[in-house]
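Only one structure is covered here, and it is reproduced in the block below.
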Amino acid sequence: MTEVRVRFPPSPTGYLHIGGARTAIYNWLFARKHGGKLVLRIEDTDAERSTQESIQGILDGLEWLGVTWDEGPYFQSEYAAEHMAAAQRLLADGNAYKCFCSKEELEAKREAAAAAKGDYRYDGVCRKLSPEQVREKEAQGLPYVIRFKVPQEPGKVGFDDQVYGRVERAHEDIEDFVIVRSNGMPLYLLCNVVDDIRDRISHVIRGQDGLSNTPRQILLYRALGAELPIFAHMPLTLDLNKAKISKRSHGEIVSVQFYREQGFLPWALANFLVLLGWSTSDDREIFSREELIEAFSFDGITRSNSIFNYRKDDAFSFDGITRSNSIFNYRKDDPKFFTDPKAININAHYLRTLPIEEIGALVKVEFQKEGLWDSAYDGEKKQWFLKNLDMTRERFHTLKDFASLGRAWFADDFAMDETALAKNVLKHPGLKEWLPMLAERFDALPELSHDETERVCREFAEELGVKVGVLVNGARAVITGQVKGPSMFEVFAQISKQRVVTRLKGATQYFE
RNA sequence: GUCCCCAUCGUCUAGCCCGGUCCAGGACACCGGCCUUUCACGCCGGCGACACGAGUUCAAAUCUCGUUGGGGACGCCA
């Protein structure tokens, strides 16, 4: 069996979006599974739109996701001579010809055809030019493009797609397409094929939007005398209006970078993305890297496009019509659903199940950005730091939450949740006295342990004739700023005694 | 407009190739319950789909045809 070689060829005209990322992941999985190589090739021939920043963004995004490549990045622009040589060869072999039709002429014909409700396909006037006529036009200095000669005899081009099955296209439905611009620059269709041949790509795994290009590319492979790769097209990821996701029209919500910034764990995003269009027949949805590589195959790829159910605000406008967004049945005002709920769920799953050291490393990066990091968290306070994370992570959804909802665990400048204040503090005026009194009792203890604090709380509640919950929930509010959280007795024992006492005493401030 | 692809719960999907085991299974979300000092986790339960119409057949989500709907490609972009 020949070596498996796949490639991911992004064009650096924007950030890495989730559709592209998914394709990259599929390629990567396939390569890993078959002990093959993943080639990264930057298709930067569109110099006007390509940017260095975009290239860096794509590389960063892939790295962050854990998609590692074995060769490259190669830059398509560096192979221009090779692309041109291929075009010349096609010309010399009689597989292509020079076309002197001007853009204006073609445009006019296209419009005429549209007006007559017909479809337009290049009529091949230049294909019929005699060598003399060609020489004559060249002598006049007329600009020309190079077109590929599509076979005219009845027949079709076909291939067996690994996902879509047999796909065929009649010769007559393919026009003599342009392969080199009038400025001498070869076009994508040709470059792509030439590069794939040179890179010895064995499997072309790409989005379904490449499906209808494939017959033309196959014609090129044949004319170039190269062996065909195996094609596998992936269904597309659509937006809420069922349009192809693109960086231009959707903005940050579809960019990988956005998820990174919002506190996603890289593998959680990858795991979610892989599920958009692929599944196993059993009910598994959570996969480690190894498990996914093992489980992945084209058999599990669906043929229908999937919708990326990212969050949109209540009403959205499309075609100039504003309509309410009825496809959501989750609480739109719940800030935790800032994107596809399933993505959030998978992220939360990893957040609470990954080894705590791994979470610690990721939170460290967050804290450094937030100015919350203390180098002692890597030293003598490491266990305390990790314990904090372990106690709180169960109800968090992203890495961001540790610095926001979990802020009180690490700093004193935390925010007080309004519901917590109203429901668990102000509702019981007695707490203004009770909480400081509880502080006194805690302060008298040599150290705050789970059992001791529980005993003290229960005794005190009994003396006061109130439910222990009143004391405990009030304490939770003033100590953590939250309505919810882990068992308070564990919290007392975990957050320092000094902080517990100070915050309980400070409860009076909320009643003023 | 032309060519191609697709069509199962709100979303992601299993089942379809090899009709009966499917009055269609799972996940997320939503609702209810249990657990609990709170919330979360977990567990239990609920809501919820075979686009439509013909045909073939004893039997169709599964096969065939048509309709409708959606998507993609049709560029001197990649």
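A note on names: the letters A, B, ... follow the listed sequences, proteins ahead of strands, and every chain is numbered from 1. The analysis underlying the following values was restricted to heavy atoms, covering all of them including side chains, and did not include hydrogens, waters or symmetry mates.
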Please enumerate all residues that pass ring pair (Phe, Tyr, Trp, His ring centres under 6.0 Å) together with [X], with sequence neighbours excluded.
X      : answer
A/Y144 : A/F100
A/F442 : A/F492
A/Y188 : none
A/Y120 : none

What's the gap between [N] and [M] when it is taken at their [atom1] atoms, as a whole Å value?
N      : M      : atom1 : result
B/rG26 : B/rC65 : P     : 33 Å
B/rA49 : B/rU57 : P     : 31 Å
B/rA27 : B/rG45 : P     : 11 Å
B/rG69 : B/rC52 : C1'   : 10 Å
B/rC16 : B/rC58 : P     : 23 Å
B/rA60 : B/rG53 : P     : 14 Å
B/rA61 : B/rC22 : P     : 13 Å
B/rG70 : B/rC34 : P     : 46 Å

When all nucleic acid strands are considered with a 4.0 Å heavy-atom cut-off, which category describes [X]: base, sugar-phosphate, or nothing?
X      : value
A/Q482 : nothing
A/G277 : sugar-phosphate
A/V145 : base
A/P143 : nothing
A/S182 : base
A/F272 : nothing

- Query: With nearest nucleotides of RNA chain B determined for A/G300 and A/P486 from heavy-atom distances, which residue corresponds to the more 5′ nucleotide?
  - Reply: A/G300

- Item | 5' precedence on RNA chain B between A/K244 and A/V472 (nearest-nucleotide basis) | A/V472

- Query: Hey, does the side-chain of A/S306 have a donor or acceptor N/O within less than 3.5 Å of a partner on the base of B/rU13?
  - Reply: no

Run the salt-bridge test on [X] and [Y] with the 4.0 Å N-O cut-off and return the result as yes or no.
X      : Y      : result
A/D176 : A/K149 : no
A/R352 : A/E394 : no
A/E459 : A/R455 : yes
A/D390 : A/R393 : yes

- Should A/R352 be listed as having a side-chain N or O under 4.0 Å from OP1 or OP2 of B/rG42? yes

- Are A/K242 and B/rG72 close enough that a side-chain N or O sits under 4.0 Å from OP1 or OP2? no

- Message: Expected output is a numbered-order residue list: members of residues 185-195 of chain A with a heavy atom under 4.0 Å from any atom of RNA chain B. What is it?
- Response: A/L187, A/Y188

- Message: If you take any heavy atom closer than 4.0 Å to RNA chain B, which residues from residues 17-24 of chain A end up in contact?
- Response: none

[N] [atom2] sits how many Å from [X] [atom1], rounded?
X      : N      : atom1 : atom2 : answer
A/D451 : B/rU37 : CG    : C1'   : 16 Å
A/F492 : B/rU37 : CZ    : C1'   : 10 Å
A/E43  : B/rA78 : CD    : C1'   : 7 Å
A/D282 : B/rC12 : CG    : P     : 20 Å
A/M391 : B/rU38 : CE    : C1'   : 14 Å
A/I301 : B/rU13 : CD1   : C1'   : 13 Å
A/W409 : B/rC39 : CH2   : C1'   : 12 Å
A/F337 : B/rG10 : CZ    : P     : 18 Å

Each nucleotide N or O in nucleotides 17-20 of chain B that has a protein N or O under 3.5 Å away: list the pair and distance.
none

- What nucleotide, of B/rA14, B/rU38, B/rC76, holds the atom closest to the side chain of A/S281? B/rA14

Centroid-to-centroid, [X] to [Y], below 6.0 Å?
X      : Y      : answer
A/F272 : A/W278 : no
A/Y164 : A/H233 : no
A/F148 : A/Y97  : no
A/W69  : A/F8   : no

- Item | Geometric cation-pi criterion, A/R166 with A/F159: 6.0 Å, 45° | no

- Query: Does NZ or CZ of A/R41 lie under 6.0 Å from the centre of the six-membered ring of A/Y74, at an angle within 45° of the ring axis?
  - Reply: no

- At under 4.0 Å between heavy atoms, which parts of nucleotides 60-67 of chain B does protein reach? Answer with one letter per nucleotide, 5' to 3': B base, S sugar-phosphate only, - none. --------

- Quick check: does any side chain N or O of A/E291 sit under 3.5 Å from a backbone N or O of A/S288, one acting as donor and the other as acceptor? yes

- Note on the structure: dist A/K109:NZ -> A/C101:SG (nearest 0.5 Å) comes out at 5.0 Å

- salt bridge (Lys or Arg N to Asp or Glu O under 4.0 Å) partners for A/E153, two or more places apart: none

Protein-nucleic acid N or O pairs under 3.5 Å, nucleotides 3-8 of chain B:
residue, atom, partner, partner atom, Å
B/rC3, O2', A/R169, NE, 3.3

- Task: Looking only at non-hydrogen atoms, find the nearest pair between A/R216 and A/I174 and report the distance.
- Result: CG-CG2, 3.4 Å

- Taking every non-hydrogen atom, the tightest pair across A/G485 and A/R395: O-NH1, 3.4 Å

Produce the list of close N/O pairs, under 3.5 Å, pairing protein atoms with atoms of nucleotides 24-28 of chain B; give distances to one decimal.
residue, atom, partner, partner atom, Å
B/rG26, N2, A/E285, OE2, 3.3
B/rA27, O2', A/E285, OE1, 2.5
B/rA27, O2', A/K342, NZ, 3.4
B/rA27, N3, A/K342, NZ, 3.0
B/rC28, O3', A/N345, ND2, 3.2
B/rC28, O2', A/K342, N, 3.2

- Query: Any chance the side chains of A/N347 and A/Y259 put a donor and an acceptor closer than 3.5 Å?
  - Reply: no

Please tabulate, for the side chains in residues 475-483 of chain A, all donor-acceptor contacts under 3.5 angstrom to protein atoms that are two or more places apart in sequence or on a different chain.
residue, atom, partner, partner atom, Å
A/R476, NH1, A/N473, OD1, 2.8
A/R476, NH2, A/P486, O, 3.1
A/T480, OG1, A/R476, O, 2.7
A/T480, OG1, A/Q482, N, 3.2

